[in-house]
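Note that the structure is a prediction, hence the values are computed from the model and not measured.
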Amino acid sequence: MEIASKYDPSQTEGKWYSYWMEQGLFQSSPDEREPYTVVIPPPNVTGVLHMGHMLNNTIQDILVRRARMLGKNACWVPGTDHASIATEAKVVNKLREEGIVKTSLTRDDFLKHAWAWTDKHGGIILEQLKKLGASCDWDRTCFTMDEVRSQGVIKAFVELYNKGLIYRGVRMVNWDPKALTAVSDEEVVYKEVDSKLYYLNYEVEGEPGAYVTIATTRPETILGDTAVCVNPEDERFRHLAGKRVLVPLLGRAIPIIQDSYVDMEFGTGCLKITPAHDINDYEIGMRHNLESIDILNDDGTLSEAAGLFVGQDRFAVRKDIEKALAESGNLLKVEPYKNKVGFSERTDAVIEPKLSTQWFLRMGDLAKPALDAVMSDEVQFHPPKFKNLYRHWMENVKDWCISRQLWWGHRIPVWYLNDGSFVVAETEAEALEAARLQSGNAALGLDALRQDEDVLDTWASSWLWPITVFDGFNPDKKEIDYYYPTSDLVTGHDIIFFWVARMIMAGYAFKGTFPFKNVYFTGMVRDKQGRKMSKSLGNSPDPLDLIATYGADGVRVGMLLCSPAGGDLRFDESLPEQGRNFSNKIWNAFRLVKGWDVSESAEQPESARLAIEWFGERLQQEMAVISDHFSKYRVSDALMSVYTLFWDEFSNWFLEMIKPAYQQPIDARTHAAAVAYFDDMMHLLHPFMPFISEEIWQQLSPRKSGESIMVSQMPAQRAFDSELLQSFDLVKEAIQHVRTLRKNRNVPMREALELKVLTGEDGYVARYNPVLTKLVNLESVTVVKEKEAGAESFMVKSTEFFVPLAATVNVEEELEKLQAELKYTEGFLNTVMKKLGNERFVAGAPEQVVANEQQKKADAEAKIAVLKERIAGLQ
RNA sequence: GGGCGCUUAGCUCAGUUGGUUCAGAGCAUCUGGUUUACACCCAGAGGGUCAGCGGUUCGAAUCCGUUAGCGCCCA
């Protein structure tokens, strides 16, 4: 059978994914095994796969596949979230293109359109994850707005309300005038912008010609001013206490108040107060019982209350009012100014601080156990540096505005009665019952109830995800008791507050314990220049194109090669290319092993026997390293271990050592060992590169139908012989020296060499001669008692090796090399001696460290002796 | 403005309680190579005052202070 010399992922990836699905290998149900559970960070239902998802889901799949192969009952629950604002905005846009205005539709009609959109686009992203190889239990696919998840959200709301943790209140919220909804603090992105600082003169009432000057970046808001404030310590304004000033253009008189909030150094030291449109002004207004004048409509245009410019957009007014103020003589000057302005994360509209009635979740009590859990490592963060950030946020946590003025989402389970009171209940029927009780009117009908028009923030369903995906709010606890708490959560560090912190709170609030044991924070995927990947920049490659070009395995490797936990990663196409190259390397190693003729009668060469003995230990050594990496969530390092184990140790050393001579068969014992090692390495590789490892595993040995590497067990770990490994390294070193020598002297491989060994205290292991002989083509290895004059030479530790060659050695070059090595070794010995000569070191350092230094001293002295001898011999 | 973090080879980054020859890996570069598994490869090589300065210590890339540059989070 001819095997192609290039590995072609397109021939295998789809095939094996279908096979795994058909065999039901991703499925999990509770049994007696230890569970290993991961819930996917649900991507936006109408979104498409981007590089962040690729990274994130690759890591999850690696963890899940490894756990499965370690004998755990691995369960990875997939799903999507409904992304309230984003999806509603998309649907509104689509309707607008069709000539339909949202406000012309009823809520129900709008929701029909939204569901249609969701049905059409939802799930695309999950299909894309399959291309990546994600081993999710697809039978468990959840959606934040499906029935079970919605029930959970409503039950949680009612429960929290009954505990007094949810309240309705008038607060300053972040208003998005484009989406026409409040958004949470976390959804506001602050950016530095070039704006202007306007200096405005307010005339003192009754004192024509007397002014105070204020500085503001938002001159249009003067229409809502209800005071001017100065610092009580400020001498400059003391004479104004108790007086009033006139708002420019309007002539409305407002008081001059005193509050220590005002920074005397900033601007003019005189601050205008607009309680309805600035959070700090609002607080000052509360302290001084000021009136609030809301001059803006929800869409950002000026309202009747403004008195002027009514109906015009806030930014248009800013320009127009500048002119008007200049004409009226109130504009003193305008300076360029840089300030931070809040933008909506979803719509990029400038956020308007706005007084509004909203639902809030009290966070104080919820935060406490969640904070403790992370600080005590009951929930472990990887990398731990995020603990600090988390603590800072948790200690300063503010109440969470959970209502959104949207239709797409979970409608708030609150019903208002005609008298303005309200009831909170899980269903309409229960609401009616409660309302009858509350009103004392047993005849109250449904028509007397009006459900709150708003929906809940999307994160109000996402934070319950680890619970609701196992139907944790219903009486049947079989699933949740088995799978919860989950094991690992893998997510971007950008949603640590949005999601991670809140899930931990929900875990303690509703389940009494943490939702996951470990959180692995990934970095943000950036382009080569360090820019965040975004649609508008067009700097994000299409993940599916990458998979088509380099294979899913190649892309997975590429993602990991640049992804230390938590740090940003710079992606460019050389990375999946490297992954593809690795696939090809593995494939060709397989071709080699598969292509050999196997002879039952051929004797096993000693070199092969030694190679097998060595690689068995080497494999164990690396498996220990890999396990250690995984235990510390160093997934990239674990991959790098597998990578070098396969490429360097297995392919470049082991296979070369056992390779039979040209056109000769390989003996059966050696071949069997090679196949067994290959099998082991496919296991180690499988979590990282599921497709090629399955393809090769299936071909390595006959397999039964339904078998798969993904549900087979990882090779068993055992202790390994590190002395053997060290002594083998000495042979490798000798081999490398001979190779260099061949290269320097232009001696081709086919020409066999003589090797003479002048043994020192260490550096030579005679039993490995067959390996040495095979890899560098020696005709003999002989132990000598004397130096070999005129031969090329090299050293391993204190042993000297000589290779007699026809042409003479370049004495000068050789001397130079030896002198350099001598100098280095002497310098090294010197530092060692300094340490050993230092009484405080000998007394203070641990015994082992001192012993090491003594060993170094002995080694160095032996080597120096040999070097000096050789130099003398050459001179 | 407040807080946190980072700065190690051309690039991306490791360096795990200060102590094995500790200054590393991968990629890139350079030099050889039609050794029939692989040029998506093989064999080699070069390359860094561990950001600067000061301190602690027998010993510092590692701990402390400080300066500069960069990044992130929060208001």
Side-chain angles (χ1 to χ4, degrees), chain A residues 3-7 185-186 188 190 263 266 279-280 340 342 383 385-393 395-396 398 493-494 496-497 523-524 526 528 530 550 554 561-564 566-572 574-575 577-596 628-629 631-632 634 636-637 639-641 643-644 647 651-652 655-656 659 662-663 735-744 746 748-750 776-777 824-825 827-829 831-832 834-846 848-856 859-860 863:
Chain A
I3 308 176
S5 73
K6 294 251 190 299
Y7 174 65
D185 293 340
E186 287 70 34
V188 181
Y190 288 89
D263 181 355
F266 182 81
I279 181 68
N280 296 310
K340 295 263 179 110
K385 68 177 179 186
F386 287 108
K387 282 167 76 173
N388 258 336
L389 185 63
Y390 179 84
R391 185 182 63 200
H392 190 257
W393 189 77
E395 285 174 347
N396 297 287
K398 302 221 175 73
H493 65 71
D494 54 332
I496 182 169
F497 309 130
M524 299 292 103
R526 293 170 183 280
K528 216 178 172 180
Y550 302 105
L561 285 174
C562 59
S563 63
D568 284 348
L569 50 101
R570 299 193 176 206
F571 182 86
D572 84 295
S574 70
L575 296 162
E577 187 183 333
Q578 200 184 330
R580 181 209 47 193
N581 294 353
F582 185 39
S583 299
N584 206 50
K585 183 69 190 177
I586 297 164
W587 183 248
N588 276 289
F590 169 66
R591 274 180 76 209
L592 177 68
V593 171
K594 196 70 188 168
W596 281 328
D628 184 53
H629 284 322
S631 73
K632 291 165 181 157
R634 296 163 169 267
S636 309
D637 290 351
L639 170 63
M640 197 42 75
S641 279
Y643 183 94
T644 53
W647 201 311
S651 297
N652 294 352
L655 290 179
E656 291 303 327
K659 207 183 227 176
Y662 185 50
Q663 288 191 330
I735 289 166
Q736 282 164 332
H737 274 113
V738 178
R739 281 174 176 162
T740 306
L741 192 153
R742 274 185 184 278
K743 188 188 169 179
N744 291 345
N746 248 324
M749 188 57 183
R750 69 183 81 88
V776 290
N777 190 18
Y824 172 82
T825 314
F828 173 68
L829 177 63
T831 64
V832 173
K834 248 194 238 164
K835 277 192 197 174
L836 287 171
N838 186 329
E839 270 176 49
R840 293 162 78 184
F841 170 73
V842 178
Q848 186 55 44
V849 173
V850 178
N852 278 338
E853 291 304 315
Q854 243 129 22
Q855 185 58 50
K856 285 194 229 168
D859 287 351
K863 188 156 188 181

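- Taking atom CZ of A:Arg391 as the reference point, atom P of B:C4 lies 9 Å away to the nearest angstrom.
- Residues forming a side chain to side chain donor-acceptor pair (under 3.5 Å) with A:Asn588 (at least two apart in sequence, or on another chain): A:Arg591.
- We find that NE2 of A:His737 is positioned 11 Å from P of B:G44, with the value rounded to whole Å.
- With sequence neighbours left out, A:Glu395 forms a side-chain contact (heavy atoms from CB on, under 4.5 Å) with A:Leu371, A:Arg391.
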All N/O contacts under 3.5 Å from nucleotides 24-27 of chain B to the protein, with atom names and distances to one decimal?
from, atom 1, to, atom 2, distance (Å)
B:G26, O2', A:Gln578, NE2, 2.7

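- The same atom, C1', is picked in B:A75 and in B:G15; the two are 37 Å apart, to the nearest Å.
- When the P atom of B:C42 is taken as reference, atom CD of A:Gln736 falls 14 Å away, rounded to whole Å.
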Kindly determine whether A:His737 and A:Val776 satisfy side chain to side chain contact (heavy atoms under 4.5 Å, CB included), including the steps that lead there. CA-CA 10 Å; A:His737 274 113; A:Val776 290; over 6 Å; no
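- Within the nucleic acid shown, A:Asn652 comes within 4.0 Å of sugar-phosphate atoms alone, with no base atom in reach, counting heavy atoms only.
- Heavy atoms only, all atoms of each residue included: A:Ser583 and A:Gly554 are closest at OG-N, 4.3 Å.
- Shown here are the side-chain contact (heavy atoms from CB on, under 4.5 Å) partners of A:Asn777, two or more places apart in sequence or in another chain: A:Arg742, A:Met749, A:Ala752.
- Judged by distance alone with a 3.5 Å cut-off, no donor-acceptor contact links the side chain of A:Lys6 to the base of B:C40.
- Paired runs in RNA chain B that reach 3 or more consecutive Watson-Crick or G-U pairs, where each pair keeps both distances under 3.5 Å, cover B:1-7 with B:68-74, B:10-13 with B:24-27, B:29-33 with B:41-45, B:51-55 with B:63-67.
- Using atom P as the reference point in both B:C72 and B:C30, the two lie 35 Å apart (nearest Å).
- For the pair A:Met749 CE and B:C42 C1', the computed distance is 12 Å after rounding to whole Å.
- As rounded to whole Å, 9 Å separates atom P of B:A37 from atom CD of A:Glu656.
- Taking atom C1' in both B:G44 and B:C50, the straight-line distance is 27 Å, to the nearest Å.
- Between B:G24 and B:U67, the two P atoms lie 33 Å apart (nearest whole Å).
- The nearest whole Å value for the distance from the CG atom in A:Asn581 to the C1' atom in B:A37 is 15 Å.
- Distances from the side chain of A:Lys385 to the nucleotides B:G5, B:G44, B:A14 place B:G5 closest.
- Look at A:Lys659 and you'll find a side-chain N or O under 4.0 angstrom from OP1 or OP2 of B:A37.
- Nucleotides B:C27 and B:U66, compared at atom P, are 41 Å apart to the nearest Å.
- Where A:Phe590 and A:Arg580 meet RNA chain B, the nucleotide closest to each residue was compared, and A:Phe590 sits on the side nearer the 5' end.
- Remark: A:Lys387 engages A:Asp377 in a side chain to side chain donor-acceptor pair (under 3.5 Å) (not counting sequence neighbours).
- Every residue meeting the side chain to side chain donor-acceptor pair (under 3.5 Å) condition with A:Asn280, not counting sequence neighbours, appears here in chain and number order: A:Tyr261.
- Residues passing the side-chain contact (heavy atoms from CB on, under 4.5 Å) test with A:His629, sequence neighbours excluded: A:Val625, A:Arg634, A:Asp637, A:Ala638, A:Ser641.
- In this structure, A:Gln663 and A:Asp628 both approach RNA chain B, and ranking their closest nucleotides by distance from the 5' end singles out A:Asp628.
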Give the intermediate values and the outcome of side chain to side chain contact (heavy atoms under 4.5 Å, CB included) for residues A:Ile496 and A:Tyr390. CA-CA 7 Å; A:Ile496 182 169; A:Tyr390 179 84; 4.2 Å; yes
Identify all pairs in which a protein N or O lies below 3.5 Å from an N or O of nucleotides 69-75 of chain B, and state each distance.
from, atom 1, to, atom 2, distance (Å)
B:A75, N6, A:Lys340, NZ, 3.3

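- Proximity of A:Asn388 to the phosphate of B:G3: no side-chain N or O atom is located under 4.0 Å from OP1 or OP2.
- Of the side-chain N and O atoms in A:Arg634, one or more sit less than 4.0 angstrom from OP1 or OP2 of B:G15.
- B:U31 atom C1' lies 19 Å from atom CZ of A:Arg742, rounded to whole Å.
- In this structure A:Phe590 satisfies the ring pair (Phe, Tyr, Trp, His ring centres under 6.0 Å) test together with A:Trp587, sequence neighbours excluded.
- Comparing the C1' positions of B:C42 and B:G5 gives a spacing of 43 Å, expressed to the nearest Å.
- Following rounding to the nearest Å, A:Tyr390 (OH) and B:G5 (P) show an atom-to-atom distance of 18 Å.
- Using a 4.0 Å heavy-atom criterion, one finds that A:Ser651 contacts the bases of the nucleic acid, with or without backbone contacts as well.
- Residue A:Leu655 places its side chain closer to B:A37 than to any other of B:A37, B:A43, B:C40.
- Scored by the side chain to side chain donor-acceptor pair (under 3.5 Å) test, A:Tyr643 finds A:Gln578 as partners (sequence neighbours excluded).
- In terms of heavy-atom proximity, A:Trp596 sits nearest to A:Leu655 at CH2-CD2, 4.2 Å.
- For the C1' atom pair drawn from B:U29 and B:U34, the interatomic distance equals 24 Å after rounding to whole Å.
- Residues passing the side-chain contact (heavy atoms from CB on, under 4.5 Å) test with A:Glu656, sequence neighbours excluded: A:Lys659, A:Leu775.
- Put simply, CG on A:Asn581 and OH on A:Tyr550 are 9.5 Å apart, with the number rounded to the nearest 0.5 Å.
- Taking atom C1' in both B:A61 and B:G52, one finds a spacing of 15 Å when rounded to whole Å.
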